[in-house]
Protein chains: 2
Amino acid sequence: MTEELPTRDRLIQAATRLFRQRGYDGTGLTEILTEAGVPKGSLYHHFPDGKADLACAAADWTASEIIRVIDDSFRTAPDWRHGVTTFCYKMAKLFDILDSADACPIFGLLFEGPDHDRFRTQAERSFDRIIAAAARYGQALGMAPDTAQDAAETFIIGFQGCWTLARTRRKSDILRSLPSRLYGAPSQ
Amino acid sequence: MTEELPTRDRLIQAATRLFRQRGYDGTGLTEILTEAGVPKGSLYHHFPDGKADLACAAADWTASEIIRVIDDSFRTAPDWRHGVTTFCYKMAKLFDILDSADACPIFGLLFEGPDHDRFRTQAERSFDRIIAAAARYGQALGMAPDTAQDAAETFIIGFQGCWTLARTRRKSDILRSLPSRLYGAPSQ
DNA sequence: GAAAGACTAGACCGATCGGTCTAACAATGC
DNA sequence: GCATTGTTAGACCGATCGGTCTAGTCTTTC
């Protein structure tokens, strides 16, 4: 018996994939429904506010996935740099596996969408969750709370910038270059 | 006599503004035309491929504007860090003047649009122009060519990441924090 | 002044858009 | 078996979408 995802999850995952490729406004509900194999009535049942609800769920889900990669990368890391490096290598691998033209739905939410403030708040929450997850590992590795928070922010800022440039150039090596950019910066 | 912009420029600037706020797919031609005060026939005259042409022109124009800020920031800078710092302060000021929810159209192009590869190529070109402009100042300040290129990439990667987080949090201070993140990184 | 090219103007078009809504089916509890 | 709740199903709707196209005006050249 094939493991079948609940309807709601099928919608979220289909939406995540399509929002990644086309952005929020560039993705029509019909495409999502077709990919998820779900009728329209079900969409509004599970997400009463429709497309916007779905987008926020997609961002939450994506943040959770990224946090999972952070967990896998930092759990056994001997130091911060090692954790960051492992994360970048894992994400670079994902980048190669997925179509490299795909964006992250969290970023996409920032740039578009009718309900501007809602999306910005959702993006903020998603970023904050990711940064907090990384900061916890910073602390576990011996950093003071403020230092860990700063390090985590810088890491995620840099990662996000690298992801964007990597997508532009279609080169996952840019993701792998993040640790040396942050921790082996050129001297003045 | 009021200085009146040529039609083409009016279209580009209106598009730049609206793409920034709403993204490519979230912005309709009617809105652009209304804001620019230009009829539809003119749009297709100046931009035969329509909306996509206009988006690419908007990205080019935006890159030129960013390069202008780089020029203003680095022209009299005594060292690299000083140039980066000035740039960040100028952009933070712009961030406060403009609606902070606005994105940069270059980023927007990456996440959406029907003609995917064209937009990616355009974004690549725009980013490369910006990075090259910064790298030239790195060299003028005494860096070896490779080092200057790396420093410029890291700077733009970091800036772009900071811009995104600043937008999420509606705090221009994140932009101002970039130099200390890059050049005063926490030690391991 | 006429011709050609550049540019403006806006009606029209088929397609897609996201949301609404009614009907039907499935699951659970009594 | 019936009632209630949860969930699926898809037709329908008005609005918006970007592009096409014809007609008109303006500018330049001969």
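The figures here come from the full heavy-atom set of this structure, side chains too, leaving out hydrogens, waters and symmetry mates. None of the values given here were measured: they were computed from a predicted structure. Chain naming here is simple, since letters A, B, ... match the order of the sequence lines and numbering starts at 1 in each.
At whole-Å resolution of the value, CG in A/Asp53 and P in C/dT20 are 12 Å apart. Rounded to whole Å, the distance from CG on B/Leu43 to P on C/dG10 is 14 Å. Rounded to an integer number of Å, the gap from B/Leu29 CG to C/dG10 C1' is 14 Å. Whole-Å rounding puts the B/Arg8 CZ to C/dA6 C1' distance at 15 Å. Atom-to-atom, CD1 of A/Ile32 to P of D/dA9 comes out at 17 Å; the value is rounded to the nearest Å. One atom, OH of A/Tyr44, and another, P of C/dT22, lie 16 Å apart when rounded to the nearest Å. Protein atom CG of A/Leu33 is 15 Å distant from nucleotide atom P of C/dT16, rounded to whole Å. For the pair A/Asp25 CG and D/dT16 P, the computed distance is 14 Å after rounding to whole Å.
Not less than 6.0 angstrom separates the ring centroid of A/Trp80 from the ring centroid of A/Tyr137.
Residue contacts shown for B/Gly41 include a base, since a base heavy atom lies under 4.0 Å away. Here B/Lys40 lies in heavy-atom contact (under 4.0 Å) with a base.
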- Please walk me through it: do A/Arg129 and A/Ser64 pass side chain to side chain donor-acceptor pair (under 3.5 Å)? CA-CA 8 Å; A/Arg129 282 176 59 210; A/Ser64 297; 2.7 Å; yes
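Under the 3.5 Å distance criterion, the side-chain polar atoms of B/Arg10 are matched with a main-chain donor or acceptor of B/Ala36. Without hydrogens or angle criteria, A/Lys51 side chain to A/Thr27 main chain gives a donor-acceptor distance under 3.5 Å.
For A/His45, a side-chain nitrogen or oxygen approaches OP1 or OP2 of D/dT7 to under 4.0 Å. Proximity of B/Thr7 to the phosphate of C/dT8: a side-chain N or O atom is located under 4.0 Å from OP1 or OP2. Close to D/dT8, at under 4.0 Å from its OP1 or OP2, lies a side-chain N or O of A/His46.
Among the nucleotides D/dT8, C/dG19, D/dG18, the one closest to the side chain of B/Lys51 is D/dG18.
By the 4.5 Å heavy-atom criterion applied to side chains, B/Arg125 and B/Asp60 are counted as neighbours.
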